Structures are given as C-alpha cells and as structure tokens.
**Student:** 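Take a look at the following structure, please.
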Amino acid sequence: MESNVNSIRPQRLQPGIGFGSGPTGTLRSSLRPGVTVPIAPLLPSPASLAASSGPPPPPPPLQLHSLYGGLGLGAAGHCNPGNPAVLKEAVEAVVRSFAKHTQGYGRVNVVEALQEFWQMKLTRGADLRNGALVVYEMVPSNSPPYVCYVSLPGGSCFGSFQFCPTKAEARRSAAKIALMNSVFNEHPSRRITDDFIEKSVSEALATFNGNREEADNPNTGIGAFRFMLESNKGKSMLEFQELMTVFQLLHWNGSLKAMRERQCSRQEVLAHYSHRALDDDMRTQMAADWVNREQSIAGTIAQEVASTERELEDARLAGRELRFYKEKKDILMLAVGQLSAANTATLPSH
C-alpha cells in the first residue's frame with residue numbers, strides 16, 4: 001500500500017496529466033486553475049492571515065505609501081497614495097533624481113529612460129527570461145482622459161495615475177510611475193533577507209496572537225507565509241509581487257480551496273506554482289470556470305467585471321502595482337469571448 005501511495009504522489013505534481021476524480025486525482029484535476037468551488041485562502045499575508053475571503057496581497061505590499069519614507073515626505077496623512085498632489089510630487093522627485101544621476105542635466109525622456117533602465121539590468125546579468133522589452137497598452141478611447149498601462153519585463157504592471165489629455169501624456173504618466181517603482185526596487189531594503197523574514201513573521205505572529213510553533217509548521221497559514229518568503233530569499237519585492245500574483249489569482253478563482261479538498265498540501269501547491277509562470281493555458285482554464293459560473297447564474301461575469309474595474313481604477317489612480325487587477329479583468333474578458341463563441345456555435349443555421 002505504501003509503495004502505491006508513493007507512486008501516486010509524484011504524478012500529482014506533474015503538469016499535463018489527465019483528469020482524476022477522487023482524492024488521489026492528478027495534477028490536471030488537483031492543481032488546475034479552472035474549478036467551480038467556493039474560494040478560501042491558502043497563502044495569506046500578515047494582513048490577511050485571519051481572513052477567509054479576499055485575495056492575499058504579498059507582504060509588505062509594494063505600494064507608494066511604503067516608498068515615501070525614502071523621499072522624506074513628512075508625517076502620516078501626507079503619505080496617503082490616494083492624495084494626487086503628494087503622489088505627483090513623489091513621482092516627479094524620483095524622475096528628477098534619476099535624470100540627475102544618469103544624464104546630469106535637462107529633462108529626462110521618461111519613456112526612453114524606463115526602457116534603458118531595464119536594458120541596463122539585462123546587460124548587467126539580470127535574469128529576464130523574456131528580455132528587457134517594456135510593453136505599453138492604451139485603453140481604447142476617442143476622448144480624454146486617456147489611460148495607459150505599462151508592463152515591465154518581469155510582469156509587473158503600472159498605469160497612468162493622472163488626468164491625461166493626450167495619449168502621449170498617458171504613456172509618460174505610466175512610464176513615470178513604473179520608473180519610480182523600478183528605481184526603488186533596486187534599494188537593498190527591498191530585498192528579502194533573513195532579517196526581513198524574521199521581522200515579517202514576528203509581526204504576523206504578534207498581529208494574530210500566533211505562537212512560534214505555527215511559524216515553523218508549513219501546514220499553518222503563518223508557516224506557509226514563512227515558507228514562501230524563505231523560498232524567495234534574495235529576490236526583490238517587485239519580483240516577489242510578480243510571483244504572488246499567481247497565488248492571488250488562484251485564490252480569487254477558487255482553485256486553492258479545490259486543491260486543498262483534493263488533499264494537496266500547502267507545500268505541494270506552493271512548490272509547484274512557485275515555478276510556474278502565469279501563461280495562456282492558466283488564463284484559459286480560469287476563463288472557462290467563469291463561463292461555467294455564468295451558465296449557472298446569469299450576470300455573474302458582468303457583476304465581477306464591474307467590481308474588478310472599480311478595483312483597477314482605484315489602484316491605478318493610487319499608483320499601485322496593477323497586475324492582479326489587470327489579469328482578473330483580462331481573464332473575465334476572455335470568458336466573455338468564450339461565452340460569445342459558445343452561444344454563436346449553438347445558434348441554428350439558416
């Protein structure tokens with residue numbers, strides 16, 4: 001019996017294996033994103049370890065309010081990323097500083113500077129699997145305000161955070177906020193170190209009245225949190241954010257609960273998805289799940305799209321990293337396309 005169990009376990013952690021129906025189901029059934037069960041968190045952060053719903057953001061979040069200290073922007077209340085004046089001041093300060101240290105004079109072309117920044121990282125040996133290309137995406141519109149998103153080589157996404165009367169200004173606005181985060185991400189304080197891990201875990205234990213045994217047990221929420229941090233030691237917070245987006249999406253889609261119900265341990269799931277990039281196959285599976293939900297309850301997708309668009313808009317105007325919200329919207333739009341194609345295929349021909 002023991003040998004049979006040992007032969008099943010490796011199969012459950014191999015990609016591309018066909019469906020299984022029971023607790024010993026294979027990866028395609030146990031670890032696939034497309035499911036139709038209620039959601040529950042598997043990898044909470046210190047801010048959400050006690051919560052049972054909502055996507056778990058990485059700790060600490062790479063938000064502008066965590067970066068203002070390096071700009072000397074005053075006391076609490078003035079560092080609110082929702083304050084447009086403070087946000088604009090912070091971004092402009094970083095851009096001016098970047099221009100001074102790289103060019104020494106004049107105004108910097110922020111779009112060119114952002115591309116050159118990542119090209120420089122690549123030439124200096126950064127592990128950029130898809131190259132150093134920075135990608136811009138304009139939101140279709142015939143009139144202002146125009147909105148632009150920019151995706152960095154690792155996958156992080158930022159958007160124009162100001163009222164932009166032209167498409168060129170929207171592109172510059174997105175480039176500014178992305179350059180600011182790229183520059184700050186190089187600071188040693190943005191690296192995951194042993195000291196950072198200990199402080200983060202201690203804060204989590206204090207916040208939720210946990211004990212040290214929980215932190216050492218990977219089957220607890222705090223233990224899984226520590227496991228993820230230790231697995232990413234040496235990486236920057238931006239890199240960690242990119243990884244965490246996958247788990248946020250799996251949580252949002254209900255996949256983590258399904259994996260746990262199929263007796264996949266936290267460590268198994270974390271180990272598998274820590275090395276899997278977000279790809280079209282994963283997006284397609286999640287979209288198919290939303291199609292199933294829509295077919296069960298009409299209006300489900302429209303409601304989720306409306307909620308996601310509000311989240312995306314709020315995060316964009318606050319200068320936050322946007323990939324989680326952007327990927328949610330893209331997955332939902334993919335589901336709309338799948339639903340439309342399915343409906344067209346079932347129409348009677350004349």
Side-chain angles (χ1 to χ4, degrees), residues 33 39 45 47-48 53-58 61-67 80-84 87-88 91 114 134-152 154-164 167 169-182 237-238 241-254 278 280 282-284 286-287 289-290 293-294 299-339:
I39 61 175
S45 72
S48 60
S53 63
L62 186 63
Q63 314 291 351
L64 285 174
H65 61 264
S66 66
L67 303 178
N80 180 4
N83 185 327
L87 176 56
K88 185 176 185 296
V91 174
L114 180 62
V134 174
V135 179
Y136 293 87
E137 176 188 346
M138 289 295 305
V139 175
S141 176
N142 294 322
S143 61
Y146 294 99
V147 174
C148 181
Y149 296 104
V150 57
S151 295
L152 301 180
S156 295
C157 179
F158 297 91
S160 51
F161 62 96
Q162 301 158 292
F163 180 95
C164 299
K167 293 180 180 179
E169 183 58 35
R171 186 181 175 97
R172 285 193 292 270
S173 179
K176 284 179 184 179
I177 197 72
L179 179 60
M180 175 180 179
N181 278 271
S182 297
M237 290 308 302
L238 206 56
Q241 170 76 66
E242 291 159 2
L243 170 65
M244 285 299 297
T245 298
V246 174
F247 291 99
Q248 287 177 288
L249 288 169
L250 291 170
H251 168 65
W252 164 70
N253 196 60
L278 185 60
D280 289 340
M282 192 182 298
R283 295 185 186 96
T284 300
M286 290 187 183
D289 183 50
W290 284 97
R293 289 178 176 141
E294 178 68 24
T300 299
I301 291 180
Q303 182 178 353
E304 190 67 20
V305 168
S307 173
T308 297
E309 286 181 337
R310 288 192 298 270
E311 293 174 341
L312 179 59
E313 179 78 354
D314 290 344
R316 178 179 65 80
L317 294 176
R320 297 179 184 138
E321 203 281 325
L322 304 175
R323 191 180 183 192
F324 171 59
Y325 310 107
K326 186 75 165 48
E327 289 286 355
K328 279 207 301 182
K329 183 176 179 181
D330 290 346
I331 289 167
L332 292 168
M333 291 299 98
L334 183 59
V336 170
Q338 291 180 2
L339 197 61

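On a predicted model such as this, the values are computed, not experimentally measured, just so you know. Any value given below was found using the heavy atoms of this structure, including those in side chains, with hydrogens, waters and symmetry copies removed. Along the sequence shown, the residues carry numbers beginning at 1.
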**Student:** Out of curiosity, Ile331 CD1 to Gln338 CD, how far, rounded to the nearest 0.5 Å?
**Tutor:** 10.5 Å

**Student:** What closest approach, in Å, do Cys164 and Ser160 show between heavy atoms, and which atom pair accounts for it?
**Tutor:** SG-CB, 4.1 Å

**Student:** Nearest 0.5 Å, please: how far is OG1 in Thr308 from CH2 in Trp252?
**Tutor:** 6.0 Å

**Student:** Is the backbone of Cys148 close enough, under 3.5 Å, to the side chain of Glu137 for a donor and an acceptor to pair up by distance?
**Tutor:** no

**Student:** Mind running side-chain contact (heavy atoms from CB on, under 4.5 Å) on Lys329 and Leu312 for me, showing each step along the way?
**Tutor:** CA-CA 9 Å; Lys329 183 176 179 181; Leu312 179 59; 4.1 Å; yes

**Student:** So, do Trp290 and Leu339 sit near enough that their side-chain heavy atoms are less than 4.5 Å apart?
**Tutor:** no

**Student:** Are any non-hydrogen side-chain atoms of Arg316 and Glu313 less than 4.5 angstrom apart?
**Tutor:** yes

**Student:** Could you state the interatomic distance from CD (Gln248) to CG (Leu243), rounded to the nearest 0.5 Å?
**Tutor:** 10.0 Å

**Student:** With a 3.5 Å distance limit and no angle check, can you tell me whether Ser307 reaches the backbone of Gln303 through a side-chain donor-acceptor pair?
**Tutor:** no

**Student:** Can you tell me if Thr245 uses its side chain to pair, donor with acceptor, with the backbone of Phe324 under 3.5 Å?
**Tutor:** no

**Student:** Strictly below 4.0 Å, N to O, side chains only: are Lys328 and Glu311 in salt-bridge contact?
**Tutor:** yes

**Student:** So Ser182 and Leu152, side-chain contact (heavy atoms from CB on, under 4.5 Å) or not? Walk me through it.
**Tutor:** CA-CA 9 Å; Ser182 297; Leu152 301 180; 3.5 Å; yes

**Student:** Over all heavy atoms of both residues, which pair between Met138 and Ala170 is shortest? Give the atoms and the distance, please.
**Tutor:** CE-CB, 4.3 Å

**Student:** How far apart are the closest heavy atoms of Glu294 and Ile301, and which atoms are they?
**Tutor:** OE1-N, 2.8 Å

**Student:** Quick check: closest heavy atoms across Ala315 and Tyr325, and the distance to 0.1 Å?
**Tutor:** CB-CE1, 3.7 Å

**Student:** Pick one: which of Arg283, Met244, Glu327 meets side-chain contact (heavy atoms from CB on, under 4.5 Å) with Leu249?
**Tutor:** Glu327

**Student:** With a 4.5 Å limit on heavy-atom distance, are the side chains of Met333 and Val305 in contact?
**Tutor:** yes

**Student:** Which residue in the set Lys167, Arg171, Arg172 passes side-chain hydrogen bond (donor to acceptor under 3.5 Å, both in side chains) when paired with Glu169?
**Tutor:** Arg172

**Student:** Which heavy atom in Phe158 sits nearest to a heavy atom in Leu322, and how many Å separate them?
**Tutor:** C-CD1, 3.7 Å

**Student:** For the NZ atom of Lys326 and the OG atom of Ser156, what is their distance to the nearest 0.5 Å?
**Tutor:** 13.5 Å

**Student:** So, taking the atom named CE in Met286 and the one named CG in Asp330, what distance separates them when rounded to the nearest 0.5 Å?
**Tutor:** 12.5 Å

**Student:** Identify the heavy atoms of Leu114 and Ala178 that sit nearest to each other, and give their distance.
**Tutor:** CD2-CB, 3.8 Å

